[in-house]
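The structure appears right after this line, and notes come after that.
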Amino acid sequence: MNISHENLIIFLENYFLILGSLFIIGIAYLISRANSDGKSTTSIPGNLGIPFIGEGFSFLSAANSSKGCYEFVRLRRLRHGDWFKTRIFGKIHVFVPSVEGAKKIYTNDLTMFNKGYLKSMADAAGKKSLFSVPQESHKRIRRLLSDFFSMNSLSIFVPIVDKMITQRLNNLERDGQSFGVFNFSTKMTFAATCKMLMSITDASLVEQIERDITAVSNAVISFPVMIPGTTYYKGIKARKRIMKTFKEMIGKRRNGEENLDDFLQRMIERDSYPNNEKLDDEEIMDNLLTMMLSGQNTTAAAMMWSVKFLSDHTDVQDKLREEQVSILRSKPEGTLLTLKDLEKMSYASKVIKETLRMANIVLWIPRVALENCTIDGIEIKRGWHVNIDAPRIHFDPETYKDPFLFNPSRWDEMQKPYSYIPWGTGPRTCLGMNMAKITMLAFLHRLTSGYKWTVDDEDPRLDRKSFIPRLQSGCPITLAAL
Ligand code: HEM
């Protein structure tokens, strides 16, 4: 039999995973027998499956299907009711379905609840990343990063992002070829992120970093063994290459070779500040990487879903076009967008809000209970994973009338707090929210004020293995100038 190197690696990866799993199952079984008092641990219904593994394989199989990993949650909710518990590879998970539950977790974030620690994530994103630092450091790092991400600070990038989008859409229209909106958006947002964070514009460097970020992103949830060829190994190697590039760039800024207006420069300018008012190099680099990881597919998936929803609802598309054409006509021909223009896009902002409510780019917000507590009257044990279930909250008919209807005008009225959580909320709210909003508004402006389009593939299946829901087809469209 001819076994390729790749197959051998995959075989070894699975072999060690299975051996390791069997060992842990044995230990877990012995511990659970020793601790058992013969009573069930809680009144929440659900199936904990076999020791350690639990329902882990069902979860992986849902994640690997074209219905997406939320299917795992949906089926269990049908079986057990709104509140249910499950076990996934040794951890007990409860999916929190209510606004009251979300409120309890968010108002006690970083005290009663925190993000869970995952070795592969800490190794890939870095120990000083916002994803992995302990609560005490999180507050300081986050405060120092936040300035740059306010709408005002980012306003200088509005025309830059607009120019990128305008040129790319022009080229695609001239080509006359069908293109996948997801692929277009991924490339576009990554180039924009490189520009805003570090002023990288060289196309080949952007491509190389993008490839490496993808490898790191794959390693975030992987089996942490440093065996050549494994996902983890490739991710850690890619991380090293990225860190080397960042280090060189920091060096150039420090010795005055480069002085550019971007995120990195703002961080370097704090060099002379007292320790608690600046970030050290490891903190800067780990969080640069973290932002690239967080922004890589999220904004692109949101852009893709906005096109899909607008294509399915031509009345909304017409109304949006009317707003955007009037903004376009109010400006001298050929000028680029500014923050002031974005502030006039009230209907487009509602289209984005509604897109994010329905698309649920981040399906659930994961936390771990740091102590025994109750959430919305439900008893939760210390160490359990509590996941705020965004689709359940965003499609709740008690909050949203006709929840499955794409209706941006529903945002003429405010919704109750904690019932709209695409960016999360509280001390861990999405740091890149304004960056994503700028990109999406500029995209919707250029797309609807400049073009009509046809969707070239209506296949509704979701991409396998993606924890961010997106169409397998990538939503291909063909543009025609207005
Ligand atoms: C449509 C696009 C995006 C969506 C829907 C989104 C959503 C989210 C959500 C739900 C969280 C978790 C909040 C929590 O744990 O409570 C988060 C965290 C985060 N996001 Fe985003 N995100 C998007 C784009 C971006 C971009 C473009 C960046 C950076 C350039 C970014 C950077 C981050 C960071 C650094 C965190 C961690 C914050 C912390 O733990 O303090 N995100 N995002």
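Counting starts at 1 for both ligands and their atoms, following the listed order. All of these numbers come straight from a predicted model, not from anything done at the bench. Counting begins at 1 with the first residue of the sequence.
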Check: Quick one: do the Thr86 and Glu55 side chains pair a donor with an acceptor below 3.5 Å?
Finding: yes
Next item on the list: Give a yes-or-no answer on whether the side chains of Thr214 and Gln296 include a donor-acceptor pair shorter than 3.5 Å.
Entry: yes
Notebook entry, point to check: Got a salt bridge between Asp212 and Lys244, using NZ or NE/NH1/NH2 to carboxylate O under 4.0 Å?
Noted result: no
Note to self: If the contact criterion is a heavy-atom separation under 4.0 Å, does Met292 count as touching ligand 1?
What the structure shows: no
Check: Does Thr298 approach ligand 1 within less than 4.0 angstrom via side chain, backbone, both or neither, non-hydrogen atoms only?
Finding: both
Next item on the list: Check whether any N or O atom of His138, backbone or side chain, sits under 3.5 Å from an N or O atom of ligand 1, and answer yes or no.
Entry: yes
Next item on the list: Start with the C-alpha gap between Asp123 and Lys127, add the side-chain angles, then the distance that decides, and say whether salt bridge (charged side-chain N to carboxylate O under 4.0 Å, His left out) holds.
Entry: CA-CA 7 Å; Asp123 293 349; Lys127 294 194 173 36; 3.6 Å; yes
Check: Taking the non-hydrogen atoms of Thr193, is any one of them nearer than 4.0 angstrom to ligand 1?
Finding: no
Notebook entry, point to check: Touching ligand 1 at all, Tyr106? Heavy atoms, strictly under 4.0 Å?
Noted result: yes
Check: Is Arg367 in polar range of ligand 1, meaning some N or O pair under 3.5 Å apart?
Finding: yes
Check: Counting only N and O atoms by type, is there a donor-acceptor contact under 3.5 Å from the side chain of Arg321 to the main-chain atoms of Val316?
Finding: no
Check: Between Lys115 and ligand 1, which residue portion shows a heavy-atom distance shorter than 4.0 Å: side chain, backbone, both, or neither?
Finding: side chain
Notebook entry, point to check: Asn218 and Thr231: side-chain donor and acceptor closer than 3.5 Å?
Noted result: no
Next item on the list: Can you spot which of Tyr420, Tyr70, Phe404, Tyr400 makes a ring-ring contact (aromatic ring centres under 6.0 Å, His included) with Phe395?
Entry: Phe404
Notebook entry, point to check: Should one rank Ser146, Gly295, Ala192 by closest heavy-atom distance to atom 26 (C) of ligand 1, which comes out on top?
Noted result: Gly295
Notebook entry, point to check: In terms of residue, atom name and distance, what is the protein heavy atom nearest to atom 28 (C) of ligand 1?
Noted result: Gly432 CA, 3.4 Å
Check: Does NZ or CZ of Lys195 lie under 6.0 Å from the centre of the six-membered ring of Phe157, at an angle within 45° of the ring axis?
Finding: no
Checklist line | Closest protein heavy atom (residue, atom, distance) for atom 37 (C) of ligand 1 | finding: Phe131 CE2, 3.6 Å
Check: Side chain, backbone, both or neither: which part of Thr299 has a heavy atom under 4.0 Å from ligand 1?
Finding: both
Notebook entry, point to check: So is Arg428 polar-close to ligand 1, meaning N/O to N/O under 3.5 Å?
Noted result: yes
Check: Which of the numbered atoms in ligand 1 are below 4.0 angstrom from a heavy atom of Met291?
Finding: 29 (C), 30 (C)
Margin query: Under 6.0 Å from the ring centre and within 45 degrees of the ring axis: does the NZ or CZ of Arg446 meet both conditions for the six-membered ring of Phe443?
Written below: no
Note to self: I need the nearest protein heavy-atom contact for atom 38 (C) of ligand 1: residue, atom name and distance, please.
What the structure shows: Arg142 NH1, 3.4 Å
Margin query: Can you tell whether the side chains of Arg367 and Asp109 come within less than 4.0 Å, N to carboxylate O?
Written below: yes
Notebook entry, point to check: Starting from atom 21 (Fe) of ligand 1, which protein heavy atom do you reach first, and at what distance in Å?
Noted result: Cys430 SG, 2.3 Å
Note to self: If you measure every N or O of Asp109 against every N or O of ligand 1, does any of those distances drop under 3.5 Å?
What the structure shows: no
Next item on the list: Report the nearest protein non-hydrogen atom to atom 34 (C) of ligand 1: residue, atom name, distance rounded to 0.1 Å.
Entry: Ser294 OG, 3.7 Å
Check: How close does the nearest protein non-hydrogen atom get to atom 10 (C) of ligand 1, and which residue and atom is it?
Finding: Pro422 O, 3.2 Å
